[in-house]
Amino acid sequence: MTATPPDRQRLRVWDLPTRLFHWSLAVSVVGLIVSAKTGAMDWHFRLGYFVLALLLFRLLWGFVGGRWSRFSAFVYSPAALIAYLRGRAAPAHRIGHTPLGALSVFALLGVLLVQVLSGLMSDDAITFTGPLATRVPGAWSSAAMDWHKEAGQWLVIALLVLHAFAVLVYVLFKRQTLVRPMLSGDKTVEPALAVPASRDDWASRGVALLLFGLCAALARWVASMQG
């Protein structure tokens with residue numbers, strides 16, 4: 001483990017549930033893309049339901065999770081975004097999701113949620129039918145299918161590439177790694193900032209497990225509507 005410089009202190013930023021969500025979502029989305037391209041539709045559906053559970057969990061965790069995982073911690077004003085782009089961001093705005101990173105997070109969550117919902121409503125009349133396809137008007141199902149296979153799929157891929165590019169830019173030009181904090185949960189910050197750490201004890205992790213269990217049960221119920 002790298003020693004913390006004397007003028008810095010370790011701060012728990014990303015709680016364990018947020019970290020598990022992040023890496024589970026990353027692996028699952030890659031799996032969804034691969035399964036779609038290879039025609040492994042059984043796995044595509046399984047991963048889709050899992051991603052649905054993950055996204056529902058993240059929406060809930062955005063209100064009750066650790067300090068820096070809550071939406072209230074990274075909903076920024078236009079002025080804060082402009083200040084960040086000009087290199088004059090408040091120090092606290094660089095701890096969790098930055099103003100620009102927050103836009104990326106909300107965009108990815110929103111696009112993925114739309115992509116999953118469009119998949120649930122899709123029906124190609126050949127290889128697969130989503131569990132909600134028969135419960136919406138035919139025009140909706142057709143539009144959902146077109147979006148899911150075309151624009152939606154490429155938008156997800158574009159956002160993933162952009163995310164990976166941003167991580168690389170931080171490493172090469174800002175000499176900051178965004179990966180290590182998402183693995184360990186900690187960042188080193190100046191003590192003078194006096195900002196609160198994210199709660200990450202076993203009680204909060206138990207709450208997260210309960211919430212994910214409820215989200216997984218809901219996703220399973222949606223899956224049961226198929227056929």
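Computed over heavy atoms, backbone and side chain alike; hydrogens, waters and symmetry mates excluded. Computed from a prediction, not measured in an experiment: that's the story for all the values here.
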field: side-chain contact (heavy atoms from CB on, under 4.5 Å) between Q115 and Q153, worked out
entry: CA-CA 7 Å; Q115 187 69 353; Q153 176 186 180; 4.1 Å; yes
message: Show the nearest heavy-atom pair for residues H148 and G119, with the distance to one decimal.
response: ND1-N, 3.3 Å
query: What about V34 and W154, same hydrophobic cluster or not, with Ile/Leu/Val/Met/Phe/Trp/Tyr joined at side-chain heavy-atom distances under 4.5 Å?
result: no
- prompt: Closest heavy-atom contact between V13 and G96?
  reply: CG1-CA, 4.1 Å
message: Testing the basics here: between S184 and R10, what is the closest heavy-atom pair and its distance to 0.1 Å?
response: OG-NH2, 4.4 Å
message: So for atom NE2, which belongs to H22, do other residues, nucleotides or ligands contribute more than 12 heavy atoms lying within a distance under 6.0 Å?
response: yes
message: In this structure, would L214 and L54 fall into the same cluster of hydrophobic residues linked by side-chain contacts under 4.5 Å?
response: no
message: Count I, L, V, M, F, W, Y as connected when their side-chain heavy atoms are under 4.5 Å apart, and connections chain through other members. Are V64 and W202 then in the same cluster?
response: no
Shared hydrophobic cluster for L109 and L120 (ILVMFWY, side-chain gaps under 4.5 Å): yes
query: Side chains of D146 and S142: does their closest heavy-atom pair fall under 4.5 Å?
result: yes
- request: Verify the ring-centre separation between F212 and F21: is it less than 6.0 angstrom?
  value: no
- prompt: To the nearest 0.5 Å, what is the distance between CG (L52) and CG (L218)?
  reply: 6.5 Å
- prompt: Any side-chain heavy atom of L11 sitting closer than 4.5 Å to one from W68?
  reply: yes
- prompt: Would a 4.5 Å heavy-atom cut-off, applied to side chains only, mark F106 and V75 as touching?
  reply: yes
- prompt: Short question: side chain of S122, backbone of S118 - any donor-acceptor pair under 3.5 Å?
  reply: yes
query: Do L60 and R58 come close enough that some side-chain heavy atom pair is under 4.5 Å?
result: no
- request: Taking the side chain as every heavy atom from C-beta outward, state whether W14 and L183 have any atom pair closer than 4.5 Å.
  value: no
- line: Nearest heavy-atom contact between L16 and D200 is N-OD1, 3.0 Å
field: Candidate pair L210 and V207, rule side-chain contact (heavy atoms from CB on, under 4.5 Å), full reasoning
entry: CA-CA 5 Å; L210 175 62; V207 172; 5.7 Å; no
message: Checking L25 against L112 for the side-chain contact (heavy atoms from CB on, under 4.5 Å) test, could you report, in this order, the C-alpha distance in whole Å, the side-chain angles of both residues, the deciding distance, and whether it holds?
response: CA-CA 10 Å; L25 185 67; L112 284 175; 3.8 Å; yes
query: Are D123 and M145 close enough that some pair of their side-chain heavy atoms sits under 4.5 Å apart?
result: no
- prompt: Would a line drawn from the ring center of H93 to the ring center of Y84 be shorter than 6.0 Å?
  reply: no
query: Nearest 0.5 Å, what's the CH2-CZ distance between W140 and R135?
result: 14.5 Å
- prompt: Heavy atoms, side chains only, cut-off 4.5 Å: are R46 and D42 in contact?
  reply: yes
field: Polar side-chain atom of S28 near backbone of V51 as donor-acceptor pair, under 3.5 Å
entry: no
- prompt: Which atom pair, heavy atoms only, marks the closest approach of A208 to P17?
  reply: CB-CG, 3.4 Å
- request: Hey, could you give me the CG/CE distance between L47 and M41, rounded to the nearest 0.5 Å?
  value: 10.5 Å
- prompt: Can you list the steps and then say if D15 with S198 is a side chain to side chain donor-acceptor pair (under 3.5 Å)?
  reply: CA-CA 6 Å; D15 52 63; S198 284; 4.8 Å; no
statement: Tightest non-hydrogen contact, residues H44 and S35, listed as ND1-OG, 3.0 Å
- request: Starting from the C-alpha separation in whole Å, work towards a yes-or-no answer on side-chain contact (heavy atoms from CB on, under 4.5 Å) for Y49 and V116.
  value: CA-CA 8 Å; Y49 295 131; V116 170; over 6 Å; no
R70 (side chain) donor-acceptor with G65 (main chain) under 3.5 angstrom: yes
- prompt: Shared ILVMFWY cluster between I157 and V29, side chains joined below 4.5 angstrom?
  reply: yes
message: I want to check something: taking the side chain as every heavy atom from C-beta on, are F57 and L209 in contact at a cut-off of under 4.5 Å?
response: no
task: Mind checking the CG-CG spacing from L113 to L108? Nearest 0.5 Å is all I need.
output: 11.0 Å
Nearest-0.5 Å distance that lies between atom CG in L211 and atom CZ in F63: 12.5 Å
message: Once rounded to the nearest 0.5 Å, what's the spacing between atom NZ of K187 and atom CZ of R12?
response: 13.0 Å
